[in-house]
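Below: one structure, written as structure tokens.
What you see is a predicted model, and the numbers here were worked out from it, not measured in a lab.
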Amino acid sequence: MRIGQGYDAHRFQAGEYVVLGGVKIPFDRGLAAHSDGDVLIHAVCDAILGALALGDIGKHFPDTSEEYRGVDSRTLLSHVTKLMQERDFSVVNIDATLIAEKPKMAPFIDEMRGNIASDTAATLGQVSVKATTTEKMGFTGRGEGIAATAVVLLDGPSSALAQ
């Protein structure tokens, strides 16, 4: 078994929606990013990469590369899942938290869970997505952006401990 944790944050910019967990959520702002700015999927990617001891999302998908400009973050998660599967690991569970005052996430949580489960070859019951606020404290509380955290537990071959 391997445990990984991930974190990501992006500031708001002009826009009409945010993308979180692969879901386009109508909002009066967007997220500034090289990709689509999906902090939830970025945190999940980092958690999986961390569990595999493969670095972070920036190492695999640098923001200096035109190849990843505006990329759908689900594409990145699918690539990370392939890296996981190539090493004979699979998801035991993913637990992720979105941190934002707005927009309201509850109506979109189940779709986010479904997207992440699909992209990581997991079941819906193995993926938890929650949302919280910071009670108006910090950059998320002031409405300057959105953050996300994720932890993942992977199961793999016992020989993986020697790697």
Show me the donor-acceptor pairs within less than 3.5 Å that the side chains of residues 9-25 make with the rest of the protein, sequence neighbours left out.
| from | atom 1 | to | atom 2 | distance (Å) |
| --- | --- | --- | --- | --- |
| H10 | ND1 | A32 | O | 2.9 |
| H10 | NE2 | D8 | OD2 | 3.0 |

Greater than 12 external heavy atoms within 6.0 Å of L124's CG | yes
Using a 3.5 Å cut-off and no angle test, enumerate the donor-acceptor pairs between side-chain atoms of residues 46-55 and protein atoms at least two apart in sequence or in another chain.
| from | atom 1 | to | atom 2 | distance (Å) |
| --- | --- | --- | --- | --- |
| D46 | OD1 | I57 | N | 2.6 |

Does F27 share a hydrophobic cluster with F139, counting links as ILVMFWY side-chain heavy atoms below 4.5 Å and allowing steps through other members?
-> no
Spacing of M84 atom CE and T120 atom OG1 [to the nearest 0.5 Å] | 6.0 Å
S118: partners by side-chain hydrogen bond (donor to acceptor under 3.5 Å, both in side chains), with sequence neighbours left out = none
Listed by chain and number, what are the salt bridge (Lys or Arg N to Asp or Glu O under 4.0 Å) partners of R29, not counting sequence neighbours?
-> none
For Q126, which residues count as a side-chain hydrogen bond (donor to acceptor under 3.5 Å, both in side chains) partner, sequence neighbours excluded?
-> T123
Who pairs with T97 by side-chain hydrogen bond (donor to acceptor under 3.5 Å, both in side chains), at least two apart in sequence or on another chain?
-> K130
Would you indicate whether the side-chain heavy atoms of L154 and V91 approach each other to under 4.5 Å?
-> yes
For residues 103-115, the salt bridge (Lys or Arg N to Asp or Glu O under 4.0 Å) pairs (sequence neighbours left out) are D110-R113
Between atom CG of N115 and atom OG of S73, what is the distance when rounded to the nearest 0.5 Å?
-> 11.5 Å
Partners meeting ring pair (Phe, Tyr, Trp, His ring centres under 6.0 Å) with H79 (sequence neighbours left out) | F61
Any side-chain heavy atom of L98 sitting closer than 4.5 Å to one from V39?
-> yes
From M1 CE over to L153 CG, what is the distance, rounded to the nearest 0.5 angstrom?
-> 5.0 Å
What one should report as the nearest heavy-atom pair of A121 and T81 is N-CG2, 4.5 Å
With S78, which residues qualify under side-chain hydrogen bond (donor to acceptor under 3.5 Å, both in side chains), at least two apart?
-> none
Interatomic distance, CG@D38 vs CG@L77, rounded to 0.5 Å, equals 9.0 Å
Nearest non-hydrogen partners of L31 and G37, listed with the distance | CD1-O, 3.3 Å
Should R74 and I41 count as side-chain neighbours, where that means a heavy-atom distance under 4.5 Å?
-> yes
Across all chains, not counting sequence neighbours, the side-chain contact (heavy atoms from CB on, under 4.5 Å) partners of D28 are none
Does D63 have any side-chain contact (heavy atoms from CB on, under 4.5 Å) partners at least two apart in sequence or in another chain, and if so, which?
-> H34
Taking atom SG of C45 and atom NE2 of H60, what is their separation to the nearest 0.5 Å?
-> 10.0 Å
Nearest non-hydrogen partners of E101 and E135, listed with the distance = OE2-N, 3.4 Å
Which residues share a side-chain contact (heavy atoms from CB on, under 4.5 Å) with T140, sequence neighbours left out | I99, T134, A147
Could you state whether V151 and F89 fall into the same hydrophobic cluster, counting links through intermediate Ile, Leu, Val, Met, Phe, Trp or Tyr residues with side-chain heavy atoms under 4.5 angstrom apart?
-> no
